[in-house]
K.L.:
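To start, I am sharing the structure in question, which I have written as structure tokens.
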Amino acid sequence: MRIEPRDRLIVALDLPSVEAAEAMVARLGDGVSFYKIGYQLGFAGGLALSRRLVDAGKQVFIDLKLHDIANTVAQGVRSVARLGATFLTVHAYPQTMQAAVEAREGKLRILAVTVLTSFNDDDLAAAGYAMGVADLVARRARQARDIGVDGLVCSAEEVAALRGIVGSEMALVTPGIRPTGSAAGEQKRIATPAQAIASGADYLVVGRPIITAADPKAAAAAIIDEISRASE
Ligand code: C5P
């Protein structure tokens, strides 16, 4: 998949208000083309911001990780498509993925979250699963591929194995990115932008290393530069 380096960076607008998000988008200006809206901003009026970002020529990733009965998922997906979004996450349950894929329209693409990266084998056992994280991630990746899901959200260290399962057509979208020298926060499995691109990620999701930087525009430009050099 050939994507322009700038379009491979998705900035997570993990901010408390639409005003704060709009101020960040204005500071980043033409330097950033793709934004992610998650729970914090989405439930604070950020879904309406999505439409405005799209009208301003940006791409939007709605990260609300849907999971419900098929009819409810389908209706939600149609509403997200009307926001003009490019990506929407769902949990990787077969019914949920099937409903989302059938309901997607326009340019909306469905990304599946296989297993939350905060889960380990013990957490899965506590939740009633009889398999460990690695096996469940692989199983759900195969199911996502067979259902026709457009991509997966995964850590940089999962990219190579998942690429082997899903092939080159599905997009692999990777959070947990930390430029050399920046704070990890609570992210445990981190990679630099260059490492993630070299391992085969298509898109990188970056939040705090950009939005809490003293100069967010310079931080974004440095990451895009690193993506660019790693993609050559
Ligand atoms: O600030 P930071 O760069 O850690 O932000 C990462 C973003 O990616 C957050 O919006 C977070 O919700 C999201 N994310 C993640 N790990 C996942 C899936 C999504 O950090 N496994």
Side-chain angles (χ1 to χ4, degrees), residues 8-18 20-21 24-25 27-28 32 34-44 46-47 49-50 53 59-67 85-92 96 109-121 123-124 127 133-134 136-138 140-141 144 149-159 161-162 170-197 199 201-214 216 219-220 222-224 226-227:
R8 299 176 77 162
L9 171 65
I10 303 177
V11 175
L13 286 173
D14 294 331
L15 292 162
S17 67
V18 170
M24 182 54 62
V25 170
R27 281 186 82 173
L28 292 169
V32 169
F34 214 144
Y35 287 101
K36 182 170 89 74
I37 297 174
Y39 287 175
Q40 185 186 17
L41 181 61
F43 296 136
L47 298 178
L49 173 64
S50 168
L53 288 171
Q59 297 192 84
V60 172
F61 171 0
I62 301 289
D63 187 16
L64 293 183
K65 299 185 181 69
L66 306 191
H67 182 47
T86 298
F87 286 147
L88 168 68
T89 40
V90 304
H91 284 284
T96 296
R109 297 289 171 259
I110 304 298
L111 303 179
V113 177
T114 55
V115 177
L116 292 170
T117 48
S118 56
F119 273 54
N120 61 23
D121 291 349
D123 296 311
L124 283 182
V133 171
L136 189 56
V137 167
R140 289 181 166 175
V149 169
D150 302 293
L152 300 174
V153 178
C154 63
S155 68
E157 67 185 30
E158 291 171 331
V159 165
L162 288 175
M170 281 173 69
L172 297 179
V173 179
T174 304
I177 301 298
R178 289 295 176 270
T180 313
S182 65
E186 80 298 335
Q187 296 278 15
K188 295 194 179 86
R189 288 176 281 163
I190 57 174
T192 65
Q195 286 167 340
I197 293 293
S199 65
D202 297 299
Y203 296 90
L204 310 185
V205 175
V206 184
R208 288 161 291 183
I210 292 175
I211 67 171
T212 67
I223 292 172
I224 292 169
E226 195 172 333
I227 292 173

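Counting starts at 1 for both ligands and their atoms, in listed order. Just so it is clear, the structure is predicted and the values come from calculations on it, not from any experiment.
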K.L.:
Going by the atom numbers of ligand 1, which of them fall below 4.0 Å from some non-hydrogen atom of V205?
P.N.:
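Atoms satisfying the 4.0 Å criterion: 7 (C), 8 (O).
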K.L.:
Is any side-chain heavy atom of V153 closer than 4.5 Å to one of V205?
P.N.:
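No, side chains not in contact.
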K.L.:
Quick one: does ligand 1 sit under 4.0 Å from the side chain of S118, the backbone, both or neither, non-hydrogen atoms only?
P.N.:
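Answer for S118: neither.
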K.L.:
Identify the heavy atoms of S155 and T174 that sit nearest to each other, and give their distance.
P.N.:
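Looking at all heavy atoms of both residues, the shortest contact is C-CG2, 3.7 Å.
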K.L.:
I want to know if ligand 1 touches K65 in the polar sense, i.e. an N/O pair below 3.5 angstrom.
P.N.:
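Between K65 and ligand 1, no N or O pair is found under 3.5 Å apart.
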K.L.:
Once side-chain contact (heavy atoms from CB on, under 4.5 Å) is applied, do any residues pair with D121, and if so which ones, sequence neighbours excluded?
P.N.:
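Once residues adjacent in sequence are excluded, the partners of D121 under the side-chain contact (heavy atoms from CB on, under 4.5 Å) criterion are V133.
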K.L.:
Counting each atom of ligand 1 from 1 as listed, which ones have a heavy atom of T117 under 4.0 Å away?
P.N.:
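Answer for ligand 1: 16 (N), 17 (C), 21 (N).
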K.L.:
Relative to the heavy atoms of A12, which atoms of ligand 1 are at a distance of less than 4.0 Å?
P.N.:
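So the answer, numbered in order with elements, is 10 (O).
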K.L.:
Going by salt bridge (charged side-chain N to carboxylate O under 4.0 Å, His left out), name the residues that satisfy it together with D150, two or more places apart in sequence or in a different chain.
P.N.:
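For D150 the salt bridge (charged side-chain N to carboxylate O under 4.0 Å, His left out) partners, ignoring immediate neighbours, are R104.
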K.L.:
Between T96 and H91, do the side chains contain an N or O donor and an N or O acceptor separated by less than 3.5 Å?
P.N.:
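No, because no side-chain N or O of T96 sits under 3.5 Å from a partner of the opposite role on H91.
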K.L.:
Heavy-atom contact under 4.0 Å between P209 and ligand 1?
P.N.:
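Checking ligand 1 against P209, which is what was asked, there is a heavy-atom contact under 4.0 Å.
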K.L.:
Which ligand 1 atoms, with their elements, are less than 4.0 angstrom from a heavy-atom of D14?
P.N.:
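Numbered from 1, ligand 1 contributes 9 (C), 10 (O).
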K.L.:
Closer than 4.0 Å to some heavy atom of G207 - which atoms of ligand 1 meet that?
P.N.:
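Heavy-atom distances to G207 below 4.0 Å select 1 (O), 2 (P), 3 (O), 5 (O).
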K.L.:
Please examine the side chains of I10 and T86, heavy atoms only from C-beta on, and report whether any two atoms are closer than 4.5 Å.
P.N.:
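Heavy-atom side-chain distance check fails, nothing below 4.5 Å.
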K.L.:
Can you give me the closest heavy-atom contact between A213 and A219, atom names plus distance?
P.N.:
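Reported closest heavy-atom pair: CB-CB, 3.9 Å.
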K.L.:
Got an N/O contact under 3.5 Å between V153 and ligand 1?
P.N.:
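For ligand 1, there is no N or O atom that lies under 3.5 Å from one belonging to V153.
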K.L.:
I'd like to check which ligand 1 atoms, numbered from 1 as shown, lie under 4.0 Å from a non-hydrogen atom of K36.
P.N.:
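Listed by number with element: 8 (O), 9 (C), 10 (O), 12 (O), 13 (C).
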K.L.:
How about F87 and Y203: are their ring centres within less than 6.0 Å of each other?
P.N.:
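That pair passes the under 6.0 Å test.
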K.L.:
Which atoms of ligand 1 sit under 4.0 Å from any heavy atom of R208?
P.N.:
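Per the distance check, 1 (O), 2 (P), 3 (O), 4 (O).
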K.L.:
Which atoms of ligand 1 have any heavy atom of R178 under 4.0 Å away?
P.N.:
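Listed by number with element: 1 (O), 2 (P), 3 (O), 4 (O).
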